[in-house]
S.K.: 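First the structure, which I've put down as C-alpha cells, then a few questions once you've had a look.
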Amino acid sequence: MPPQPYTRDKDKSSLLRWDEVPDDFVECFILSGYRRLHLTAQECLASIFQPTNETLNFWTHFIPLVLFVSKFYQVFFLGNELPFHHPALLPLWCYASGVLLTFAMSCTAHVFSCRSLRLRAAFFFLDYACISYYGFASTVAYSYYLLPRLSLLDPAVMTPYLQGLGWQGVDYSMLMGLYRQLVLPVAFVLAVTCTVACCRSRAEDCSYPFAIRTFVFAMPLSMACPVMIESLLFDLSRKNPTLFVYFYRRYFWLVVAAFFNVSKIPERIQPGLFDIIGHSHQLFHIFTFLSIYDQMHYVEQGLDEFLRAPQHYPNFQGTIGYMLLLTLCLGLVVRTYLKGLTNTKQD
C-alpha cells in the first residue's frame with residue numbers, strides 16, 4: 001500500500017503512523033505514535049504527558065537535568081567552603097554549563113520538534129552544538145582537575161621511566177609543555193568539527209547518519225586517553241580507585257549507549273512493539289545519563305584534590321573565555337546550516 005500524503009487536517013488529538021508524517025519525522029523501525037506537524041507550543045508541552053514516541057525521549061533527559069541541577073547547586077553553594085565565584089571553581093562552572101545545557105537542549109528539541117520542519121532542524125542542529133560544547137567543557141575540567149595529577153604527565157616520573165626503556169634522547173618536559181599548551185586548542189577544534197559533521201549528517205544524501213554522529217562524538221573522548229594510558233603504565237586502581245572505577249564504568253555506559261544508537265535495537269527486531277516505550281533512543285538517553293553521572297564523581301574528586309594542593313588557579317580567559325568563544329563559533333555553524341536548508345524545510 002503506497003504511503004498516504006501528509007495532511008494538516010488530521011484530528012489534533014490523534015497520533016499518526018510513519019506513512020502519515022513528513023519523511024524528516026520518520027525514525028527507523030518506529031511505526032506509530034508520531035505527533036502531527038504544526039502543533040502549537042502549548043500542544044507540544046501537553047504532549048509530554050501523553051503516550052507518544054517522543055514522551056520518554058523527553059523524560060529520560062528532563063529527570064537527569066533536574067538531578068544535575070540539584071547536584072551542582074549543592075557543590076557550588078552548599079557543599080564547598082569556597083565562594084561560588086572562586087577562580088578554582090571556574091573549570092567546574094564550564095563543566096556544569098556543558099552538562100546542563102546538553103540535557104536542556106535535548107529536552108527542548110524533543111518537545112518542540114513538531115512545531116515546523118525548519119524548527120525541527122534548528123533544534124537538532126543546536127542539540128549537536130550543545131553536545132560538542134559539553135565535550136569541550138569536560139576537557140576544560142580534566143585539564144585542571146585530573147591531568148596535572150597523572151604520573152604520565154609528570155616529567156620527574158616519566159623521564160627515568162623512558163630512560164629505563166632506552167629512550168635517552170626524549171625531552172619529556174618539552175613534550176608535556178607542548179601537550180598542556182595544545183590540549184584545549186585541539187579540543188576546541190574537535191568540538192567545532194564534530195558539530196559541522198553532525199549537522200552535515202542530516203543531509204538527504206547521508207547514508208549512515210546515526211553511525212556518523214556516534215563516531216564523531218566519540219572523537220572528543222580521545223582527550224581522556226592520558227587516563228587510559230595511566231592505568232596501563234601505573235597501578236591506577238590502587239593509586240586512585242575512585243578515578244579508575246568511575247572512569248572505566250563511564251566508558252562502559254558510553255559503549256552501551258553507542259550500541260543502541262547505531263543498532264536501533266530493540267525496535268529493529270520487532271518494529272512497532274517499542275514505538276512508545278523501550279526504543280533505542282530512550283535507552284541511549286539512559287546510558288548517556290549514567291556515563292555523565294559517573295563522570296561527575298571523578299571530576300568532583302579531582303576538584304577536591306586540586307584544592308588540597310593547587311599548582312596554579314585557572315583564569316577567566318582559559319576557562320569561561322574559551323567557552324564564550326566556542327559558543328560564538330558553534331552559533332555560526334548552526335546559522336550556516338540553517339541558511340542552507342532546502343526549500344522543503346523552510347516551512
S.K.: For the residue pair Ser106 and His285, establish whether any side-chain heavy-atom pair is separated by less than 4.5 Å.
M.R.: yes
S.K.: For Leu37 and Val21, run side-chain contact (heavy atoms from CB on, under 4.5 Å): C-alpha distance rounded to whole Å, both residues' side-chain angles, the deciding distance at 0.1 Å, then the answer.
M.R.: CA-CA 8 Å; Leu37 187 59; Val21 296; over 6 Å; no
S.K.: Strictly by modelled atom types, are Tyr298 and Arg250 linked by a side-chain donor-acceptor pair under 3.5 Å?
M.R.: yes
S.K.: From Leu330 CG over to Cys130 SG, what is the distance, rounded to the nearest 0.5 angstrom?
M.R.: 8.5 Å
S.K.: Ser97 and Tyr133: which non-hydrogen atoms are nearest, and at how many Å?
M.R.: OG-OH, 2.9 Å
S.K.: For Phe84 and Phe77, take the angle between the two ring planes, folded into 0 to 90°, and tell me which bin it lands in: parallel under 30, tilted 30 to 60, perpendicular over 60.
M.R.: tilted
S.K.: Run the numbers on Glu267 and Ser280 for side chain to side chain donor-acceptor pair (under 3.5 Å), then give the verdict.
M.R.: CA-CA 7 Å; Glu267 64 267 23; Ser280 62; 2.6 Å; yes
S.K.: If you take all heavy atoms of Val334 and Ala129, which pair is closest and at what distance?
M.R.: CG2-CB, 4.0 Å
S.K.: Test of understanding: clusters of I, L, V, M, F, W, Y form through side-chain heavy atoms closer than 4.5 Å, transitively. Do Leu190 and Leu101 belong to the same one?
M.R.: yes
S.K.: Kindly compute the distance separating CZ (Phe284) from CZ (Phe259), expressed to the nearest 0.5 Å.
M.R.: 14.0 Å
S.K.: Give a yes or no on whether Tyr179 atom OH has more than 12 heavy-atom contacts from other residues, nucleotides or ligands under 6.0 Å away.
M.R.: yes
S.K.: With heavy-atom distances below 4.5 Å as the criterion, would you say the side chains of Ile286 and Trp253 are in contact?
M.R.: no
S.K.: Compute the centroid of each ring, for His297 and then for Tyr246, and state whether the two points are separated by less than 6.0 Å.
M.R.: yes
S.K.: Nearest 0.5 Å, what's the CZ-OG distance between Phe112 and Ser47?
M.R.: 8.5 Å
S.K.: Tell me whether Val183 is reachable from Leu325 by hopping between hydrophobic residues (I, L, V, M, F, W, Y) whose side-chain heavy atoms are closer than 4.5 Å.
M.R.: yes
S.K.: Under 6.0 Å from the OH atom of Tyr248, do we count more than 12 heavy atoms belonging to anything else shown?
M.R.: yes
S.K.: Can you confirm if the aromatic rings of Phe306 and Tyr144 lie within a centre distance of less than 6.0 Å?
M.R.: no
S.K.: Run the numbers on Leu67 and Tyr293 for side-chain contact (heavy atoms from CB on, under 4.5 Å), then give the verdict.
M.R.: CA-CA 10 Å; Leu67 292 175; Tyr293 183 76; over 6 Å; no
S.K.: Please say which of Val140, Leu328, Leu90 ends up in a side-chain contact (heavy atoms from CB on, under 4.5 Å) with Met323.
M.R.: Val140
S.K.: Do Leu117 and Phe25 come close enough that some side-chain heavy atom pair is under 4.5 Å?
M.R.: yes
S.K.: Which of parallel (below 30°), tilted (30 to 60°) and perpendicular (above 60°) describes Trp93 and Phe76?
M.R.: parallel
S.K.: Parallel, tilted or perpendicular, judged at 30° and 60°: which one describes the rings of Tyr134 and Tyr95?
M.R.: tilted
S.K.: Val189, Leu332: one ILVMFWY side-chain cluster at the under-4.5 Å cut-off?
M.R.: no
S.K.: How long is the gap from CG on Leu92 to OG1 on Thr319, to the nearest 0.5 Å?
M.R.: 11.5 Å
S.K.: Under 6.0 Å between ring centres: does that hold for Phe58 and His110?
M.R.: no
S.K.: Measuring from atom CG of Asn57 to atom CD1 of Ile48, what distance do you get when rounded to the nearest 0.5 angstrom?
M.R.: 12.5 Å
S.K.: Using side-chain heavy atoms (C-beta onward) and a distance below 4.5 Å, is Leu283 in contact with Pro266?
M.R.: yes
S.K.: Please answer whether the main-chain N or O of Arg17 pairs with a side-chain N or O of Glu20 as donor and acceptor at a distance below 3.5 Å.
M.R.: yes
S.K.: State, with a plain yes or no, whether a side-chain heavy atom of Ser138 is found less than 4.5 Å away from one of Gln295.
M.R.: yes
S.K.: Cys114 pairs by side-chain contact (heavy atoms from CB on, under 4.5 Å) with which of Leu119, Thr52, Leu39?
M.R.: Leu39
S.K.: Linking I/L/V/M/F/W/Y whenever their side-chain heavy atoms sit closer than 4.5 Å, directly or via other members, would Leu273 and Leu56 fall into one cluster?
M.R.: no
S.K.: CG of Leu65 to OG1 of Thr102: how many Å apart, nearest 0.5 Å?
M.R.: 10.0 Å
S.K.: Between His279 and Phe29 (judged by ring centroids, cut-off 6.0 Å), do the two rings come close enough to count as a pair?
M.R.: no
S.K.: Give the intermediate values and the outcome of side-chain contact (heavy atoms from CB on, under 4.5 Å) for residues Val299 and Leu303.
M.R.: CA-CA 6 Å; Val299 167; Leu303 169 63; 5.8 Å; no
S.K.: Counting only heavy atoms not in Asp23, do more than 12 fall under 6.0 Å of its CG?
M.R.: no
S.K.: Do Glu54 and Arg35 come within less than 4.5 Å of each other through their side chains, counting heavy atoms only?
M.R.: yes
S.K.: Would His281 and Glu27 satisfy side-chain contact (heavy atoms from CB on, under 4.5 Å), going step by step from the backbone distance to the final call?
M.R.: CA-CA 10 Å; His281 199 76; Glu27 301 291 342; over 6 Å; no
S.K.: Distance-only, no hydrogens or angles: does the Glu43 side chain make a donor-acceptor pair with backbone N or O of Thr40 under 3.5 Å?
M.R.: yes
S.K.: For Arg120, does its backbone N or O pair with a side-chain atom of Arg115 as donor and acceptor, under 3.5 Å?
M.R.: no
S.K.: Near Ile277 CD1, under 6.0 Å, is it more than 12 heavy atoms from other residues, nucleotides or ligands?
M.R.: no
S.K.: Do Val99 and Ile292 come within less than 4.5 Å of each other through their side chains, counting heavy atoms only?
M.R.: yes
S.K.: At their closest point, which heavy atom of Ile30 faces which heavy atom of Trp18, and how far apart are they?
M.R.: O-CB, 3.8 Å
S.K.: Does the side chain of Asn240 come under 3.5 Å of the side chain of Thr242 through a donor N or O and an acceptor N or O?
M.R.: no
S.K.: Out of the candidates Tyr337, Tyr128, Phe125, only one should pair with Cys198 under the side-chain contact (heavy atoms from CB on, under 4.5 Å) rule; please name it.
M.R.: Tyr128
S.K.: With the 4.5 Å side-chain cut-off for hydrophobic clustering, are Phe287 and Val255 part of the same group?
M.R.: no
S.K.: Determine the minimum heavy-atom distance between Leu184 and Ser143, stating which atoms define it.
M.R.: CD2-OG, 4.0 Å
S.K.: Is it true that Lys71 and Glu300 make a salt bridge, defined as a side-chain N closer than 4.0 Å to a carboxylate O?
M.R.: yes
S.K.: Taking all non-hydrogen atoms of both residues, which atom of Cys194 and which atom of Ser132 are closest, and how far apart?
M.R.: CB-OG, 3.7 Å
S.K.: Scan side-chain atoms only and decide if Gln301 and Tyr145 contain a donor-acceptor pair under the 3.5 Å cut-off.
M.R.: no
S.K.: Ser70 side chain to Val66 main-chain N or O, any donor-acceptor pair under 3.5 Å?
M.R.: no
S.K.: Measure from the side-chain N and O atoms of Asp275 to the backbone N and O of Gly33, and report whether any donor-acceptor pair falls under 3.5 Å.
M.R.: no
S.K.: Could you tell me if the side chain of Arg118 sits less than 4.5 Å from the side chain of Leu338, heavy atoms only?
M.R.: yes
S.K.: Taking CZ in Arg335 as the centre, count heavy atoms belonging to other residues, nucleotides or ligands within less than 6.0 Å. Is the count above 12?
M.R.: no
S.K.: Taking Lys239 first and then Glu230, would you say they form a salt bridge - that is, a charged N and a carboxylate O separated by under 4.0 Å?
M.R.: yes
S.K.: Where do Leu326 and Ala191 come nearest, in terms of heavy atoms and distance?
M.R.: CD1-CB, 4.0 Å
